[in-house]
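Input: a single structure, listed below in structure tokens.
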Amino acid sequence: MTPERRAKLLALGELHDQWVARKLPSAPFDPESRPDSKDYNQHYVDLDSDDDEFHRQAMAIVRGES
Amino acid sequence: MGGPVSSGSVSRARLREVVAREVRALLRSDVDDDPIGDLDDETVALLTAMAELDEESGVEGRAWNPAEHKRWPKGHPQGGKFRSMVELLKMAIANHDGKGDPFQHFNREQLRKAAKARGITLKRGEGKDSIAARLLADLGGAPSKEKATVPPKAAKKAATPASPPASAIPGVTLERIQQIFGDTPDAYGVNLNGERIGHIHGNEADPHSEWMPFRQANARWRLRNPGAKPSKEAAIKELVDSYGARPRGPASAPQAGASSGAVKTDREKFLDRLIPQDTPSVARELEIKRIVEEKLNGQYAGLTVKVTSVGADRDVVHLEARIFDDQGKSVGEIERQFSRAEDGTLRAYHMYLKLNPDVQGQGFAQAWNGHLENWYRDSGVGSIHVGANIDVGGYAWARQGFDFESWATADGVAGRLKWRITQHATRYDTDQIAAAREMIDRMRLPFDDPRFPTAYEVSETGRKPGQGRNDFWPGKDAMLGSSWNGIKPVPTSGAPTVS
């Protein structure tokens, strides 16, 4: 892994951590909507997200625009 | 009291022996008749070692049959580790010459259970040394150097109780041990809280030595037990001092294998020192287990994690843990592995996490994995690895900063993306299909090309603004349910990253 790619992934991970910390308290938890997903509980914050802001910032990071 | 004995599969001699023990037990008023309870892996290893020594020396039928208590079967990631523990214990027992204590790394409770599992009747409250001696006496064929030429049955009669264990800590007095650990009934077996202390190596003043985690564990114990000596305030100071301690003097010289690259702090070297650089001794393996338990046992988002099994081998530490609710009911399982790669970097493998539905949605996974990542950050782990192959994880791991570990694993996802836009073309508009084709082209680039897409970019391929949980786009469809190996770098403690 190149240093540049590593730096992007670290930044994406940090952005995600901060985003989860904000979203977790109010994130909807609806396992009934995905009865076949064994790992729904690990990822429900991501899966049920409608957050364009995270997407915009994350894409800027991985494209090296930040 | 012992349970019912089935005569269907035992010899007459063994049946007589068991009945005789039961009768003797009934006639004794001070007999320890507490149930044996569950046997942990270490006790099972000890019993297996003793049973095999019995068998090798021709002693017939014991109450405990190792074949009924298998651990880590063939095919398990730790298959073979259990065997190495057994072999080392056999060696320690066989080489026992009446001095020292081959059971020194077992606590009283483990030896009590082992003795009872072998059908030995114990007095209530019988001490650890006495139990150890009776275990050795019961071991008919234990081929110590002198006993090797004596027929097994005769050897059993001739066996004498072991002398009390010598000090395990050269240069450190029992008085000093008791100052540090409180009034321990057994200087290096268990403390008053029943926690294993084990054999302590190194200089007490050296923060690299094994003294430090013992001091921390004991200080925590005293915090929970304010009546214990010394005072709560002293315990707090000891705990704070132990974390703040820095190397001093020649005792803090770098350890083998830890000298590459820049100078690392104590914390950064922690996992590097924990993961063995060679096949560990039983003592070291037990020590690793204790340290892992200390680092990871605890509460996470209202649920309790308890490490149940730790296996260590050259360049690898593997652990399994159970998750309990506030009623003590087991509600989940965890499996993790830490390893040292050929280039010396440390890797954490997040292998398995299962949580019962009734306790999901409370933030456990986030709290637990967050704790681990903080620990990795402080301990020198370079990367976290997942098998993103379970249902929604194939899509969600990419959002968290996990990337494709190799070109091959990315190629599998590229194939799914292509399949999606060819087999389900009506599901997407022309812009989404064009975006997917462009992404597939980028995934044909060499893996180290800077334009090769990250897993996150692939997961978002064709997403339109505002699309979310109930919407579908090519990247999400391709990665939901996909199977790929993910890698996420871990920043070194305090290192700046792109923001």
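Naming: A, B, ... by sequence-line order, numbering from 1 per chain.
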Got a donor-acceptor contact below 3.5 angstrom from the A:D52 side chain to the B:G466 backbone?
yes
If every non-hydrogen atom of B:K488 is compared with every non-hydrogen atom of A:D17, which pair is closest and at what distance?
NZ-OD1, 4.5 Å
Is B:D471 close to chain A through its backbone or its side chain, or both, or neither, when contacts mean heavy atoms under 4.5 Å?
neither
Given a strict heavy-atom distance threshold of 4.5 Å, which part of A:V20 is in contact with chain B: side chain, backbone, both, or neither?
side chain
Is B:K464 atom NZ crowded by more than 12 heavy atoms from other residues, nucleotides or ligands, each under 6.0 Å away?
yes
For B:P491 versus A:R6, what's the shortest heavy-atom pair and its separation?
CA-NH2, 4.1 Å
Heavy atoms from other residues, nucleotides or ligands near CZ of B:R437 exceed 12 (cutoff 6.0 Å):
no
Tell me whether B:R322 at atom CZ has more than 12 heavy atoms from other residues, nucleotides or ligands lying less than 6.0 Å away.
no
Taking A:E4, A:M59, A:R56, A:R5 one by one, which has the highest count of heavy-atom pairs under 4.5 Å against chain B?
A:R5
In short, B:A398 meets A:L12 closest at the heavy-atom pair O-CD2, 3.8 Å
Spatial distance of atom CG (A:D46) from atom OG (B:S459) [nearest 0.5 Å]
9.5 Å
Honestly, the part of B:Q366 sitting under 4.5 Å from a heavy atom of chain A is side chain
Side chains of B:R399 and A:L15, heavy atoms from C-beta outward: is any pair under 4.5 Å?
no
Sub-4.5 Å heavy-atom contacts with chain A: which residues of residues 449-457 of chain B show up?
B:F452, B:P453, B:T454, B:Y456, B:E457
Are side-chain heavy atoms of A:M1 and B:I487 found at a separation under 4.5 Å?
yes
Here the gap from B:E460 atom CD to A:F54 atom CZ, rounded to the nearest 0.5 Å, amounts to 8.0 Å
Other residues, nucleotides and ligands only: do more than 12 of their heavy atoms fall within 6.0 Å of CD on B:Q299?
yes
